[in-house]
Structures are given as structure tokens and as C-alpha cells.
Amino acid sequence: MTRITHCIFDMDGLLLDTERVYTEVTQQILDKYANGVKFTWDVKSKLMGKTGDESAAMVVKTYNLPMTTQEYLKITSIIQEDLFPHAKVLPGVERLIRHLHAHKIPMAVATSSTRSKFELKTSLNKELFEMFDAIICGDDAEIKNGKPAPDLFLAAQRRLGNPPAENCLVFEDAINGVQAAINAKMNVVWIPDENIRKLADDEHGATIVLDSMEDFIPELFFLPAFEVKL
């Protein structure tokens, strides 16, 4: 493995358990406007990592919804405002973030979410997210294209002082995100939902694939090892 000096994290479905909220909200819309057609994982997997506008447009088109993309976004936003503030940190995340922070490993969040959605989703865990050296959101001015384009990760790289790409490790749950990291010439840990993993026919170029953040072994990438608790 390459020696890693900087870590970049996706957020939805990777740090926070928010992907289930997106699924729940989308299904509510389909129940009301598409005769309850099932929001399947093969469709969801193509949306993950995309910007909000891109995902909304794909849902409206895929399910032939009787509304514009902007109308869809407005409806979903109202529902999300009630659900996102309750988002919980996924297993293994807090331990790793606190560990890297304690060892002064530079870290960034690179999320396709807008800045306002980021604030909403992280409201329960502000102290944890304050440990990151940079937060890059999908509506930041320098982001021209969503994943699988590398814009978000390249922006994170710049905000972290422009370390060599080969020394950057991206953590992702979405196939689009894995491809974005590869397009940025970075190493990538892929931690897909089990439903995504069942659909995948290969590892999509990921450096390593894990079932959970709990399974990450820092020293594989020459990062400080977790302290052993006796």
C-alpha cells in the first residue's frame, strides 16, 4: 500500500446514516405520484454521489413523475428537514476520526450535499465534524461537476495544502464516488452498502473494499495504528 498522509471522506452513507433517509423520502414521493413503484437499489446506486439536482432529475425522468426537477427538490426538502437532523454516525466512524485527529492527520469532508444540507445533517454531531480541516460541499463555487468527476476531491486536495494525489486516501460508499477518487488519481477505500455490493460485479478500481469502517486497519496505509485497549 502507498504511504498515506491525508484522508478525504464522503459523508452520506459513509460517515452518516443518511442514505436511508434519501430512500425513505424518495419512496414517499413514488407512493404518492407513481402508484407506489419500488425505489430499487439498481436505480439508487446510480444516484449516489451525484449532486442534488442531478439525482432529482434522474428520479423524475426514471419514474416519469408529473413534476419538474425543481418541484421534486422542493417537495423532498420539506420532508428531509424533519429527518436529516436525526442522522446518526455510522459504526467505526467516530473512532477513526478521533484517532486521525489525535495524530494530526489532515482530513477533509468532500460531499455532494449543499452547504445548507450539510449543516442540517451534521447538527447532532457538530463537535465531530469540527475535527476536519476542510469541508467541501457540492454547491461550493469551485465545484463545476458532481461525481464521478473528480472536482470535489481535487478541491479537498487543494484545501489540505495540495499534497501528492498518491498520498491521499478517499473513503467512499458510492460507485460514482470511487470513480471520482480514481479520476483524481487517489487511493480509495470503498465501503458499500451490502445491497450495492450485491449489484457490483467487481471492485471498481478501489484500493480496498470493506464491509464497515470498523474493519479499517490504519497501518495498512502507514497511518498510526489504533491504540490497543486492555
Side-chain angles (χ1 to χ4, degrees), residues 1-16 45-46 48-51 54 90 92-93 95-115 118 128-192 196-197 200 202-213 215-226:
M1 296 293 184
T2 305
R3 180 173 295 278
I4 295 301
T5 58
H6 296 68
C7 294
I8 302 172
F9 295 81
D10 173 52
M11 183 176 70
D12 291 302
L14 188 282
L15 297 179
L16 295 177
S45 66
K46 297 170 185 173
M48 293 171 67
K50 297 283 189 180
T51 65
E54 290 171 335
L90 286 163
V93 168
R95 180 193 186 202
L96 178 59
I97 299 308
R98 291 188 181 280
H99 173 72
L100 295 176
H101 178 71
H103 288 277
K104 297 181 168 42
I105 303 298
M107 298 181 291
V109 172
T111 175
S112 299
S113 291
T114 62
R115 184 71 54 170
F118 168 82
L128 186 67
F129 281 87
E130 286 172 355
M131 295 183 184
F132 288 89
D133 301 281
I135 306 291
I136 295 86
C137 293
D139 60 346
D140 287 359
E142 61 197 299
I143 308 303
K144 305 303 180 186
N145 302 288
K147 302 169 185 176
D151 298 31
L152 279 159
F153 296 136
L154 294 177
Q157 181 183 17
R158 289 191 294 271
R159 302 270 190 95
L160 292 177
N162 223 20
E166 62 266 24
N167 298 130
C168 296
L169 183 62
V170 172
F171 292 79
E172 262 288 354
D173 70 309
I175 295 173
N176 285 322
V178 171
Q179 190 58 57
I182 292 170
N183 289 338
K185 312 273 192 249
M186 298 176 182
N187 300 281
V188 55
V189 174
W190 186 28
I191 310 178
I196 297 283
R197 194 72 179 102
D202 57 40
E203 298 183 354
H204 296 279
T207 311
I208 191 170
V209 182
L210 303 176
D211 293 327
S212 166
M213 192 76 83
D215 300 327
F216 181 68
I217 301 173
E219 54 267 41
L220 286 180
F221 295 91
F222 301 95
L223 290 164
F226 288 122

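Quick caveat: nothing in here was measured; it's all calculated off a predicted structure.
The shortest non-hydrogen separation linking R115 to D139 is N-OD1, 3.0 Å. Annotation for P148 and N183: closest pair O-ND2, 2.8 Å, computed over non-hydrogen atoms. Taking both residues in full, the closest heavy atoms of A206 and W190 are given as CB-CB, 3.7 Å, listed atom of the first, atom of the second, then distance. For the pair A184 and L154, the tightest heavy-atom approach, listed with the atom from each and the gap, is CB-CD2, 3.9 Å. The minimum heavy-atom distance between A110 and I8, with the atom names listed, is CB-CG2, 3.8 Å.
Not counting sequence neighbours, the partners of T114 by the side-chain hydrogen bond (donor to acceptor under 3.5 Å, both in side chains) test are S116. Listed by chain and number, the residues in a side chain to side chain contact (heavy atoms under 4.5 Å, CB included) with L90 are D17, V93 (sequence neighbours excluded). Listed by chain and residue number, nothing satisfies the side-chain hydrogen bond (donor to acceptor under 3.5 Å, both in side chains) test with T5 (two or more places apart in sequence, or in another chain). Annotation: side chain to side chain contact (heavy atoms under 4.5 Å, CB included) contacts of D151 (sequence neighbours excluded): I143, K144, N145, A149. In this view, S113 and D12, T111, K121 satisfy the side-chain hydrogen bond (donor to acceptor under 3.5 Å, both in side chains) rule, not counting sequence neighbours. Not counting sequence neighbours, the partners of F226 by the side chain to side chain contact (heavy atoms under 4.5 Å, CB included) test are R95, L96, H99, P218. With sequence neighbours left out, E142 forms a side-chain hydrogen bond (donor to acceptor under 3.5 Å, both in side chains) with R158, R159. In this view, I182 and V178, Q179, V188 satisfy the side chain to side chain contact (heavy atoms under 4.5 Å, CB included) rule, not counting sequence neighbours.
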Exercise for review: Might you work through the side-chain contact (heavy atoms from CB on, under 4.5 Å) test for I97 and F129, ending with a clear yes or no?
Suggested key: CA-CA 9 Å; I97 299 308; F129 281 87; over 6 Å; no
Review point. Going through the checks in order, is the side-chain contact (heavy atoms from CB on, under 4.5 Å) test met by K46 and I175?
Key: CA-CA 8 Å; K46 297 170 185 173; I175 295 173; over 6 Å; no
Practice item. Before giving the answer on side-chain contact (heavy atoms from CB on, under 4.5 Å), spell out for L223 and C7 the whole-Å C-alpha distance, their side-chain angles and the decisive distance to 0.1 Å. Key: CA-CA 10 Å; L223 290 164; C7 294; 4.1 Å; yes
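Proximity of a side-chain donor or acceptor of Q157 to a complementary backbone N or O of P164 within less than 3.5 Å is not detected. Here the side chain of D133 pairs a donor or acceptor atom with the backbone of M107 at under 3.5 angstrom.
How far CG of N167 is from CG of L160: 12.0 Å, rounded to the nearest 0.5 Å. In this structure, CG in L16 is found 10.0 Å from CG in D10, a value given to the nearest 0.5 Å. I135 CD1 to E130 CD: the interatomic distance, rounded to the nearest 0.5 Å, is 9.5 Å. The distance from the CE atom of M186 to the OG1 atom of T2 is 13.0 Å, given to the nearest 0.5 Å.
Within 6.0 Å of CD1 on I217 lie no more than 12 heavy atoms contributed by other residues, nucleotides or ligands. Within a 6.0 Å radius of CG in D211, other residues, nucleotides and ligands contribute 12 heavy atoms or fewer.
Under the side chain to side chain contact (heavy atoms under 4.5 Å, CB included) test applied with V189, the options L169, L14, V209, T207 reduce to a single match, L169.
Among pairs with a residue in residues 164-191, those fulfilling salt bridge (charged side-chain N to carboxylate O under 4.0 Å, His left out) read K147-E172, at least two apart in sequence or across chains. Judged as a ring-ring contact (aromatic ring centres under 6.0 Å, His included), the pairs with a partner in residues 149-171 (not counting sequence neighbours) are, in order, F9-F171, F171-F216.
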